[in-house]
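Note on naming: letters A, B, ... go to the chains in the order of the sequence lines (proteins, then strands), and numbering restarts at 1 for each one. If you're wondering where the values come from, they're calculated on a predicted model, not measured in any experiment. Computation of the quantities below employed the complete heavy-atom set of this structure, encompassing side-chain atoms and omitting hydrogens, waters and symmetry-equivalent molecules.
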Amino acid sequence: MLDAKLVRTQLNEVAEKLQKRGYQLDIEKIRALEEQRKVMQVECENLQQERNSKSKGIGKAKAAGEDIAPLLKEVENLKGALSQAESNLSAVQTELDDIVAGIPNLPADEVPEGKSEEDNVEVSKWGEPRSFDFEIKDHVDVGAALGGLDFDTASKLTGSRFAVMTGSVARLHRALIQFMLNTHTGEHGYSEIYVPYIVNKDSLFGTGQLPKFEEDLFKLNDDRDLYLIPTAEVPVTNVLRNEIIDENKLPLKFACHTPCFRSEAGSYGRDTRGMIRQHQFEKVELVQFVKPQNSVQALEDLTGHAETILQKLNLPYRKVILCGGDIGFSSTKTYDLEVWLPSQDTYREISSCSSFGDFQARRMKARFRNAETGKPELLHTLNGSGLAIGRTLVAILENYQQADGSIDIPEVLQPFMNGETCITVA
RNA sequence: GGAGAGGUGGCCGAGUGGCCGAAGGCGCUCCCCUGCUAAGGGAGUAUACCUUGAUCGGUAUCGAGGGUUCGAAUCCCUCCCUCUCCGCCA
C-alpha cells in the first residue's frame, strides 16, 4: 500500500510514476473523494467532540445530584446528525481505502520502460549452454526414460498440472531442497523457518495477493476464509505483521522451504507439457526485513544468493530486470533469474527477486523502533526464490542428460544422494 | 468432540457504566543526589489520523465486528485466539 498522505499530496507525481506500469490512476475520482472525506471527517469529529463533552457534563451533573433531563434533551438531536455523519464518512473512507489498497507499488527509477516480458532488460549472463552431440530430449521424456517422472498417474490422482516422482528422481528433487536450505543457512546468513501452508486473508492482504489476485489462489472450502499459500513469502513475511521489533535485530533473514499452490487460472494454454507450470510445486524462499536505507543493497545481495545456487549447480542462466509492465503488484524492483533449458532453446524463469520498499510493511504494519528517535518506522521487505525446486529439477534433467538417457548428478548434490553420481535408465 | 478460564500499553497487572488512553509495578530515557560495580528523589515514556509554522488542541483505538446507552475497557450478541482438564489422534 502506498502512503495515503503521499497519494493525497503528490497525486500527479504518483500517477506519473504509475504510468510506467501501465496503470492509470483515477486522479479526478481520488481528488473528489478526498475533498469529501476531509469535510466529512471534520464534521464528524466535531460532532463527536460535542457529544463527548456533553456526555461528560451529564455525568458531572448526575454526580452533583442535579436534574439531567434538560441536558439529555440537548444531546438528543446530536445523535441523528452524528450517526448520519459517521455513515457518510465511512462510506467515503471505505471507497478511498479500496482505491488506495488497489494501487500497485511505485517502480524504482531504474526500472526500464516496457509493456511486457518482451521488454525486460538483460543485466548479466553466466555460464555457457552446453552443446549436445546427440538428439536431446525435454525433461518429460528424460524423466519418463528414467522411470521417475509420471504425469499420467498424477492426473489420475488429481488432475492436470500435477506430477508424481519416484525413486532417484524423487530423491534428487529432495536433494535440491536440502542443498539450497543448507547453502542459504550455512553460507548466506539466513535462519531456517517452518511455517503454515494455510493462511488467512489478513496475511494475503499484507503481502498484496489480496484483494486483487484471488483467482490465482486455492481457497479452502470451509467457512474460515483460509487459503493455500501460493508462496512462502506470504507466511514468512507476515511473521512481522503488527509487530514492532528492535532496530538491533535487523536485518532479519529467513530461508524457508514450502510447497506452493497456484490455481494458474488464465494460463490454460501455457506450458501445459511437463512440470514448468504446476498447481503444486516446492520452493525455497528467501525473505529479508531490513532498514529502509539498506534495501537497495539487500536486493543485490539476495539476488546474488539465488545466483550462487545456480552457479554451484553449474546451470547457465541470465539475470534480467523486469520492466514496468511486467513487474509484480507489490514490487518496486524485480530481478528474474532465468535458467537455460536446452529443449526450449531459451532461458526460463527460475527465480524472482523483489524489493517492496515499505509497500508490504505498510499493509502489514510491520515496523521497527528507531533507536535514535524512539519512534516506530516501517520496515522494508524483500524476497526471492532461491530457487524454485521443480524448475531446477527440470533444468538438471535437461542440462545434465547423456546420450544413453541417463543423467549426471551435479557434484554438490551427490552428498544428498548417498554418493550416487548418475541416475541411469530404468 | 466435551467442560471450564481468559484476551487491557514494551512486559506484568488493576479496572463491571461517566472524572479511564487507562491505577500500580517492571523495563527504558532524561535530570538531581551520591564518589563507585548499592541505593534514593524528580520528570517523561502507546499508535494512527485531523488541525497547527511548531506547540496547544481534537478524534479513534483496551482480541475483531455488531448492538444497548446521553456516555462502554466495563452491559448484550456473533466471531477469532490463548490456556487448563477429559476424550481422540500423527
**Asked** Rounding to the closest angstrom, what is the interatomic distance between B/C85 and B/U37 at atom C1'?
**Response** 49 Å
**Asked** Hey, mind stepping through A/Asp26 and A/Ile99 against side-chain contact (heavy atoms from CB on, under 4.5 Å) and telling me if it holds?
**Response** CA-CA 9 Å; A/Asp26 192 342; A/Ile99 290 174; over 6 Å; no
**Message:** Could you identify the nucleotide paired to B/U52, looking across every strand shown and requiring Watson-Crick or G-U wobble geometry with both distances under 3.5 Å?
**Reply:** none
**Request:** Assess A/Arg363 against A/Phe205: is NZ or CZ under 6.0 Å from the centre of the six-membered ring, and within 45 degrees of the ring's axis?
**Result:** yes
**Request:** For A/Asn200, report the nucleic acid contact type (base, sugar-phosphate, nothing); a contact means any heavy atom under 4.0 Å.
**Result:** nothing
**Request:** Rounded to the nearest angstrom, tell me the gap between atom CD1 in A/Ile244 and atom C1' in B/A48.
**Result:** 11 Å
**Request:** Classify the nucleic acid contact of A/Arg367 as base, sugar-phosphate or nothing, counting any heavy atom under 4.0 Å across all strands shown.
**Result:** sugar-phosphate
**Prompt:** Between atom CD in A/Gln93 and atom P in B/A48, what is the gap in whole Å?
**Reply:** 16 Å
**Asked** Between A/Lys283 and A/Glu285, is the closest basic N to carboxylate O distance under 4.0 Å?
**Response** yes
**Message:** For the C1' atoms, the ones on B/C62 and on B/C20, what distance do you get once it is rounded to whole angstrom?
**Reply:** 10 Å
**Request:** Using both distances under 3.5 Å as the test, list the Watson-Crick or G-U wobble partner of B/A23, or none.
**Result:** none
**Asked** In terms of side-chain geometry, is the basic nitrogen of A/Glu74 or A/Lys54 positioned less than 4.0 Å from the acidic oxygen of its partner?
**Response** yes
**Request:** Could you tell me whether the side chain of A/Lys56 has a donor or acceptor atom within less than 3.5 Å of a complementary atom in the base of B/G71?
**Result:** no
**Prompt:** Looking only at atom C1', what distance separates B/A73 and B/G15, rounded to whole Å?
**Reply:** 8 Å
**Request:** State whether the number of non-hydrogen atoms from other residues, nucleotides or ligands found under 6.0 Å of A/Glu214 atom CD is greater than 12.
**Result:** yes
**Prompt:** A/Asp225 has an atom CG; how far is it from atom C1' of B/A64, in whole Å?
**Reply:** 14 Å
**Asked** Does B/G18 have a Watson-Crick or wobble partner in any strand here, with both distances under 3.5 angstrom, and which is it?
**Response** B/C70
**Message:** Tell me which nucleotide, if any, is Watson-Crick or G-U wobble paired with B/U82 when both distances must be under 3.5 Å.
**Reply:** B/A5
**Asked** A/Lys79 near the nucleic acid: base, sugar-phosphate alone, or nothing, with a heavy-atom cut-off under 4.0 Å?
**Response** sugar-phosphate
**Prompt:** Of the candidate nucleotides B/U47, B/C50, B/U51, which contains the atom at the shortest distance from the side chain of A/Lys375?
**Reply:** B/U47
**Message:** Does B/A48 have its OP1 or OP2 closer than 4.0 Å to a side-chain nitrogen or oxygen of A/Lys5?
**Reply:** no
**Lys/Arg N to Asp/Glu carboxylate O, A/Glu243 vs A/Arg367, below 4.0 Å** = no
**Message:** Students often get this wrong, so: under 4.0 angstrom with heavy atoms, is A/Lys62 touching a base, only sugar-phosphate, or nothing?
**Reply:** base
**Message:** Heavy atoms from C-beta onward define the side chain here; which of B/A60, B/C50, B/C70 lies closest to that of A/Arg8?
**Reply:** B/C50
**Asked** Given atom CG of A/Asp202 and atom C1' of B/G65, what is their separation to the nearest angstrom?
**Response** 13 Å
**Prompt:** Considering only the C1' atoms, how many Å lie between B/C19 and B/U55, rounded to the nearest integer?
**Reply:** 26 Å
**Asked** To the nearest Å, how far apart are A/Glu50 CD and B/U59 C1'?
**Response** 14 Å
**Fill in**
Winner on side-chain proximity to A/Arg51, out of B/A60, B/U47, B/G58, is B/A60
**Item:** Pairwise P distance, B/G7 and B/G13 [rounded to whole Å]
**Value:** 10 Å
**Item:** Sidechain N-carboxylate O distance under 4.0 Å for A/Asp326, A/Arg21
**Value:** no
**Asked** Nearest of B/G58, B/G18, B/C50 to any side-chain atom of A/Arg37?
**Response** B/C50
**Side chain of A/Gln49 - closest among B/C70, B/U59, B/U47** = B/U59
**Asked** Could you give the CD-to-P distance, from A/Glu86 to B/A60, as a whole number of Å?
**Response** 9 Å
**Message:** Between B/C86 and B/C79, how many Å separate the two C1' atoms, rounded to a whole number?
**Reply:** 26 Å
**Message:** Roughly how many Å apart are B/C32 and B/U69, using the C1' atom of each and rounding to a whole number?
**Reply:** 50 Å
**Message:** I want to verify a distance call: between B/G18, B/U59, B/U51, whose nearest atom is closest to the A/Asn52 side chain?
**Reply:** B/U59
**Asked** What is the distance, rounded to the nearest whole Å, between atom CD of A/Glu243 and atom P of B/A46?
**Response** 19 Å
**Request:** Provide the Watson-Crick or G-U wobble partner of B/G44, both distances under 3.5 Å; none if there is no partner.
**Result:** B/C28
**Message:** Strictly by Watson-Crick or wobble contacts shorter than 3.5 Å, is anything paired with B/A90, and which nucleotide is it?
**Reply:** none
**Pairwise P distance, B/A43 and B/A48 [rounded to whole Å]** = 27 Å
**Asked** Rounded to the nearest Å, what distance is computed from the CG atom of residue A/Leu89 to the P atom of nucleotide B/A48?
**Response** 19 Å
